[in-house]
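Residues take their numbers from the sequence shown, with the count starting at 1.
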Amino acid sequence: MIILGLITLMAPLTLSADSDVKIGKQNITVKDGRMTPEALWAMGRISAYAASPDGSKLVYQVGYYSVKHNKSHHVLYMMNADGSNKQLLTKGDKNETDAAWLDNETVAFLTGGEIWSMKADGSDRKQLSKTNGAVEGFKFSPDGKHVIILKSIPFHEVIKKNPSDLPKATGRLVTDLMYRHWDHYVESIQHPFVFGVGDGFSITDNGTDILEGEPYECPMEPFGGIEQLAWSTDSKQIAYTCRKKMGTQYSISTDSDIFLYNISTRETKNLCKPADYVEPKIDPTKTMKYQSVNAKENLKNNVGYDQNPKFSPDGRYVAWLSMERNGYEADRMRLCCYDLTTGEKKYLTESFDSNVDDFCWSDTKDATIYFIGVWHATENLYAITWKGEVKQLTKDWADFGSLQMLNDKKQLVMERHSFTRPADLYLVTPNSKKPEKTVIKQITEENDHILSQLGKPKVQQRWVKTSDGKEMLTWIILPPNFDETKKYPTLLFCEGGPQSPVSQFWSYRWNFFIMASQGYIVVAPNRRGLPGFGQEWLEEISGDWTGQCMKDYLAAIDDAAQNLPYVDKDRMGAVGASFGGFSVYFLASHHEGRFKCFIAHDGAFNLEAMYTETEENWFSNWEYDDAYWNKDQTANAKRTYENSPHRFVDKWDTPILCIHGEKDYRINATQGMSAFNAARMRGIEAQLLIFPDENHWVLKPQNGILWQRTYFNWLDRWLK
């Protein structure tokens, strides 16, 4: 989906622990109160969590990482819903993940590719599934009589299977697009299977593939999981997310749908498209924005991304996240609700001019649905009524990353993080009538033993005047023990996406806490193209990557240099990943001496090459406006290609560090290599940090430490 520059909660890759290595919570001692790469990687990473049916207990997952062994270990904890009586359930060295409640005393979980169960105290462990380690995700039905199991099946529609008499051949014969995705070649896809469940929750049959004979993935690559499927309240139907396209059409379209599958009749119904819908012909060489019909027809036919269905408690409705336009992956994410009785479809959040990122149903009268969304660079909790009335219930300088309703319908469990604090769980008691009385209680303190030893950066907001006279919210992060009489080296942070928010994220790589702790001021603008400031602000970047958004970057750093006396204007650098890396490559030739060094991670350098190199072709199709070979290009497309950073290397004059992963199929490693090679051929001081085994992110512990050390060594060399 969106070109991601950040990773907020946890690395999506699970690294298995060695059988003779015990990796658990690290009780480290921090020297001088300063955050270091080692301290960052010593932190536990809370991810998934689930409330018991009666709402009395919570089971949650934490990942621990060992730099020495270059491994991770994911464990499960149990606690009361108020945060008391925490207990580690995982005693062995195998990963235990994806916990879900079977009843008030029994938890199911995933380990070794199989579903197991245990009592709430960790005792009485039993293996429930027998799939030879094939389980990749699961969800039990509300009545406990069936379970969805995600498994991978062979897929050779676009990469042909090699002849059986050539077992050692490594070549791949590719016949169509989407032959690789994110960081892997597509030679298998996930399908959901429905299994029967017997006494003691044992899984009793071989399962039924609900997409049997269909060459489509469910959930969707590359980040989809079990959240893209949901059981109906009566356990008779399954709503699932799928983009039923293949090859070139798959690679240029974001048109996924929500399907309803009846487990008895095995019949499937598309909830997004009317029965008389006719799939339009799409020209893969022309941007989708000029092939889309009007908004009314788009919403009627749900031609954009539709995903993550959830049924209402009474079973009458199913809601999901929905985008309007095909091919536009950063379109506004609406909340769409479908009445299973009448067939009526309604978009609830039209008055909220930003994205709905997660939601849950409520039975309370004052709010039908709770959701989290970004506005003015924070992710907060909102309530939406059936009339479309939106109320903001929290106003934290923080990001809530997910939410679940407790059984009593009066409280929510939410994950929360910020620039200065990694993920913890919170109990939230919303008050829709008087939002200021919403109560937020922290119930985990996973990393307090480390955070208590660290000096804390100070975070400020500034509203900066842009070159076109608008106001732009910019975060300023100041070092611990900040002294306003001193001058500090300063970093301009360039966000990825290009349409991802600079909200209160916590990253284990692009981490503002550690940057400030190393003695740097960070200037992080919410430049043109970011959500949370209205759709007009968001969309000004598409087709204009080197226009107003670049002026916004310079407005932010100029404001800091001119108006903040502690910013040393002679010691400034610009850093960023993904679109942020592209921004750095462009600013390297357009900064007019402002910066003394640059760092670009996984950035696009040559946009003509990027157009056909990326695996999700809808992205470059929409953002660039047109293929580079079309002679009748739009003005936006012409401007995009003419302003590609590689065309301005003759103006580069500043040291640059280029970083890239060779398994990054979103922005290929040749982009970073080309930038580094060009810099050296121009005689410019440069370094290239290349990771043969990393994708668009850096996930392995030792690679992460190497990344941080290289990053700060480069900055220190030129700015200190």
Side-chain angles (χ1 to χ4, degrees), residues 30-37 39-40 376-378 395-399 417-422 450-467 470-495 502-507 510-527 552-576 580 587 591-599 654 708 711-720:
V30 178
K31 295 181 180 179
D32 305 323
R34 188 173 69 163
M35 172 79 88
T36 63
L40 191 63
H376 284 185
T378 58
K395 294 184 178 181
D396 275 13
W397 273 17
D399 281 2
H417 54 273
S418 69
F419 289 155
T420 59
R421 190 174 189 92
I450 297 176
L451 294 171
S452 63
Q453 302 179 62
L454 300 173
K456 186 178 179 181
K458 185 178 180 180
V459 179
Q460 298 178 342
Q461 272 189 1
R462 285 183 66 82
W463 286 91
V464 175
K465 186 77 71 176
T466 62
S467 63
K470 297 183 179 179
E471 296 289 326
M472 174 176 61
L473 190 154
T474 299
W475 295 109
I476 307 293
I477 300 90
L478 303 174
N481 305 312
F482 172 70
D483 183 348
E484 63 180 10
T485 67
K486 295 181 178 180
K487 286 189 176 292
Y488 292 84
T490 300
L491 306 177
L492 172 67
F493 171 75
C494 301
E495 170 66 352
V502 183
S503 56
Q504 286 276 327
F505 62 81
W506 176 273
S507 168
W510 293 93
N511 185 285
F512 292 166
F513 195 126
I514 193 173
M515 293 181 201
S517 294
Q518 298 297 317
Y520 292 94
I521 291 173
V522 182
V523 177
N526 277 268
R527 47 112 178 119
D552 289 349
Y553 282 137
L554 296 179
I557 196 65
D558 286 348
D559 170 78
Q562 295 165 12
N563 298 313
L564 302 179
Y566 36 82
V567 167
D568 190 338
K569 65 180 180 180
D570 295 322
R571 293 189 293 159
M572 300 196 305
V575 302
L587 290 174
H591 68 110
E592 298 176 339
R594 288 175 174 86
F595 301 110
K596 295 299 184 288
C597 72
F598 295 103
I599 299 178
T654 304
Q708 296 280 6
Y711 179 91
F712 287 114
N713 285 341
W714 184 257
L715 293 177
D716 291 351
R717 177 180 173 184
W718 301 106
L719 301 183
K720 288 187 177 179

Backbone N or O of Ser507 within a donor-acceptor pair of the Asn511 side chain at under 3.5 Å? yes
Under 6.0 Å from the CG atom of Asn713, do we count more than 12 heavy atoms belonging to anything else shown? yes
Answer yes or no: is there a side-chain heavy-atom contact under 4.5 Å between Gln460 and Leu478? yes
Apply side-chain contact (heavy atoms from CB on, under 4.5 Å) to residues Phe513 and Val459 and explain how you reach the verdict. CA-CA 10 Å; Phe513 195 126; Val459 179; over 6 Å; no
Would one find more than 12 heavy atoms of other residues, nucleotides or ligands at under 6.0 Å from atom NZ of Lys456? no
For Lys465, all residues meeting side chain to side chain donor-acceptor pair (under 3.5 Å), sequence neighbours excluded: Glu471
Validation row: Thr378, Asp396 side chains within 4.5 angstrom (heavy atoms): no
Ignoring hydrogens, what is the shortest heavy-atom contact between Ala39 and Ile450? Give both atom names and the distance. O-CD1, 4.4 Å
Side-chain donor/acceptor of Lys596 to backbone N/O of Thr654, under 3.5 Å: no
Counting the benzene-type ring for Trp, do Phe598 and Trp718 have ring centres under 6.0 Å apart? no
Test Glu592 against Leu554 for side-chain contact (heavy atoms from CB on, under 4.5 Å), laying out the working first. CA-CA 10 Å; Glu592 298 176 339; Leu554 296 179; over 6 Å; no
Is there a side-chain contact between Val30 and Thr36 in this structure, where contact means two heavy atoms from C-beta onward sitting under 4.5 Å apart? no
Give a yes or no on this: more than 12 heavy atoms of other residues, nucleotides or ligands lie within 6.0 Å of atom CG of Asn563. yes
Side-chain contact, heavy-atom cut-off 4.5 Å: Leu564 with Arg462? yes
Ion pair check, Asp552 and Lys470, cut-off under 4.0 Å: no
Using side chain to side chain contact (heavy atoms under 4.5 Å, CB included) as the criterion, point out the one residue from Thr490, Leu491, Asp570 that pairs with Leu719. Leu491
Between Phe712 and Ile514, does the side-chain contact (heavy atoms from CB on, under 4.5 Å) criterion hold? Intermediate values first, please. CA-CA 10 Å; Phe712 287 114; Ile514 193 173; 4.0 Å; yes
Over 60° means perpendicular and under 30° means parallel, so tell me whether Trp475 and Trp397 are parallel, tilted or perpendicular. perpendicular
Taking atom NZ of Lys720 as the centre, does the number of heavy atoms from other residues, nucleotides or ligands within less than 6.0 Å exceed 12? yes
Closest approach of Leu715 to Cys597 (non-hydrogen atoms, all atoms of both residues): CD2-SG, 3.8 Å
Phe419 backbone acceptor or donor facing Gln504 side chain under 3.5 Å: yes
Between Ile557 and Pro525, is there a side-chain heavy-atom distance shorter than 4.5 Å? no
For Val522 and Phe493, work out which heavy atoms get closest and say how close. CG1-CB, 4.1 Å
Taking it one step at a time, do Met572 and Leu492 satisfy side-chain contact (heavy atoms from CB on, under 4.5 Å)? CA-CA 8 Å; Met572 300 196 305; Leu492 172 67; over 6 Å; no
Any side-chain heavy-atom pair of Arg527 and Met472 under 4.5 Å: yes
Under the ring pair (Phe, Tyr, Trp, His ring centres under 6.0 Å) test, which residues partner Tyr488, sequence neighbours left out? Phe482
Looking only at non-hydrogen atoms, find the nearest pair between Val567 and Ala560 and report the distance. CB-O, 3.6 Å
Glu484, CD atom: more than 12 neighbouring heavy atoms under 6.0 Å: no
So, do Asp558 and Arg594 sit near enough that their side-chain heavy atoms are less than 4.5 Å apart? yes
On a heavy-atom basis, the closest approach of Gly455 and Pro480 is O-CG, 3.3 Å
Look at the side chain of Gln518 and the backbone N and O of Met35, then say whether any donor-acceptor pair between them is shorter than 3.5 Å. yes
Kindly indicate whether the side chain of Val575, heavy atoms from C-beta on, has any atom under 4.5 Å from the side chain of Phe595. no
Can you list the residues that meet the ring pair (Phe, Tyr, Trp, His ring centres under 6.0 Å) rule with Tyr553, with sequence neighbours excluded? none
